[in-house]
Amino acid sequence: AMEKSYVSVFLLLIIISCALAKDAGKKDSKDTTAKPKLPQTLSRGWGDQLIWTQTYEEALFRAKHSQKPLMIIHHLEDCPHSQALKKVFAEHKDIQKLAEKFILLNLVYETTDKNLAPDGQYVPRVLFIDPSLTVRADITGRYSNRLYAYEPSDISLLYSNMQKALKLLKTEL
């Protein structure tokens, strides 16, 4: 008797989901004015073909388990400095290629982890974290008052810092 009731519940579910699908189909054909929604990309324009993690926690987990360094970019959509850095970062072929070797995360909000703001919560700032989950305080930009800030003109320094983050990893593991 038990088995029969399972079967009927299962069939009912199939019928319900088909009915829902039919309704959804009807709506779409009528409403042709709606533009197709583009998938929301986690890259936020920093490199659409790269794989970006969704949260800080996921990024830490992935860095630890893949033994890859993590690169975190803090930025804001309405900050002209962030926009300018994003543009050169996304258009820099070598950086985009090298970025594939990292676990990547870009954030438009601050985490509660104070280690990610060693010298303040300014944007844009880029920090490297190794698979032991240590923030690399030794990989900095060229400004003594904002150690992890990069201007568009510093893009080659950012590139060499990415190389440094990968090199350190090889020598330390």
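None of these values were measured; they are calculated from a predicted model.
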Mind listing the side-chain donor-acceptor pairs of residues 150-162 below 3.5 Å, one per line with the distance, residues two or more places apart or on another chain?
from   : atom 1 : to     : atom 2 : distance (Å)
Tyr150 : OH     : Asn161 : ND2    : 2.8
Asp154 : OD1    : Arg142 : NE     : 2.7
Asp154 : OD1    : Tyr143 : OH     : 3.4
Asp154 : OD2    : Tyr143 : OH     : 2.8
Asp154 : OD2    : Glu151 : N      : 2.7
Ser160 : OG     : Ser156 : O      : 3.4
Ser160 : OG     : Leu157 : O      : 3.0
Asn161 : ND2    : Thr140 : O      : 2.9

Could you pull out all residues at least two apart from Glu77 that satisfy side-chain contact (heavy atoms from CB on, under 4.5 Å)? Arg44, His75, Gln83, Lys86, Val108
Hydrophobic clustering (ILVMFWY, side-chain heavy atoms < 4.5 Å, transitive) - are Leu85 and Leu50 grouped together? yes
Identify, with sequence neighbours excluded, every residue that meets side-chain contact (heavy atoms from CB on, under 4.5 Å) alongside Leu76. Asp78, Cys79, Val123
Answer yes or no: is there a side-chain heavy-atom contact under 4.5 Å between Leu127 and His74? yes
Is there a path of hydrophobic side-chain contacts, each under 4.5 Å between heavy atoms, that joins Val126 and Tyr122? no
Looking at CZ of Phe102 and CD1 of Ile95, how far apart are the two atoms once the value is rounded to the nearest 0.5 Å? 10.0 Å
Over all heavy atoms of both residues, which pair between Ile103 and Ala59 is shortest? Give the atoms and the distance, please. CG2-O, 3.8 Å
In terms of heavy-atom contacts, Ala90 and Gly45 come closest through CB-O, 3.4 Å
Ile73 versus Trp52: any side-chain heavy-atom pair under 4.5 Å? yes
Is there a side-chain contact between Pro118 and Leu147 (heavy atoms, below 4.5 Å)? no
Would a 4.5 Å heavy-atom cut-off, applied to side chains only, mark Leu104 and Leu42 as touching? no
What pairs with Ser144 under side-chain contact (heavy atoms from CB on, under 4.5 Å), at least two apart in sequence or on another chain? none
Roughly how far, to the nearest 0.5 Å, is the CG atom of Leu60 from the OG1 atom of Thr55? 8.5 Å
Residues in side-chain hydrogen bond (donor to acceptor under 3.5 Å, both in side chains) with Lys101, at least two apart? none
Fit a plane to each ring of Phe89 and Trp46, take the angle between them on a 0 to 90° scale, and name the class: parallel (under 30°), tilted (30 to 60°) or perpendicular (over 60°). perpendicular
For Arg62, is there any backbone N or O sitting under 3.5 Å from a side-chain donor or acceptor partner on Ser66? yes
Residues Lys68 and Pro131: closest non-hydrogen pair is O-CG, 3.5 Å
Measuring from atom CZ of Arg136 to atom CE of Met71, what distance do you get when rounded to the nearest 0.5 angstrom? 15.5 Å
Heavy-atom count check: over 12 atoms from other residues, nucleotides or ligands less than 6.0 Å from Ile51 CD1? no
If I take atom CG from residue Asp48 and atom OG1 from residue Thr41, how far apart are they, to the nearest 0.5 angstrom? 5.0 Å
Under a single-linkage definition using a 4.5 Å side-chain heavy-atom cutoff for Ile, Leu, Val, Met, Phe, Trp and Tyr, are Ile129 and Tyr148 assigned to the same hydrophobic cluster? yes
Quick check: are there more than 12 heavy atoms from other residues, nucleotides or ligands sitting under 6.0 Å from NE2 of His81? no
Taking every non-hydrogen atom, the tightest pair across Lys87 and Glu91: NZ-OE2, 2.8 Å
Pro69 versus Leu166, closest heavy-atom pair with distance: CG-CD2, 3.7 Å
Taking Gln54's backbone N and O only, do any of them form a donor-acceptor pair with Glu58's side chain (distance below 3.5 Å, no angle check)? yes
Distance in Å, Lys167 NZ paired with Gln163 CD, rounded so as to fall on 0.5 Å steps: 5.5 Å
Pair listing, salt bridge (charged side-chain N to carboxylate O under 4.0 Å, His left out) test, anchored in residues 106-129, at least two apart: Glu110-Arg125
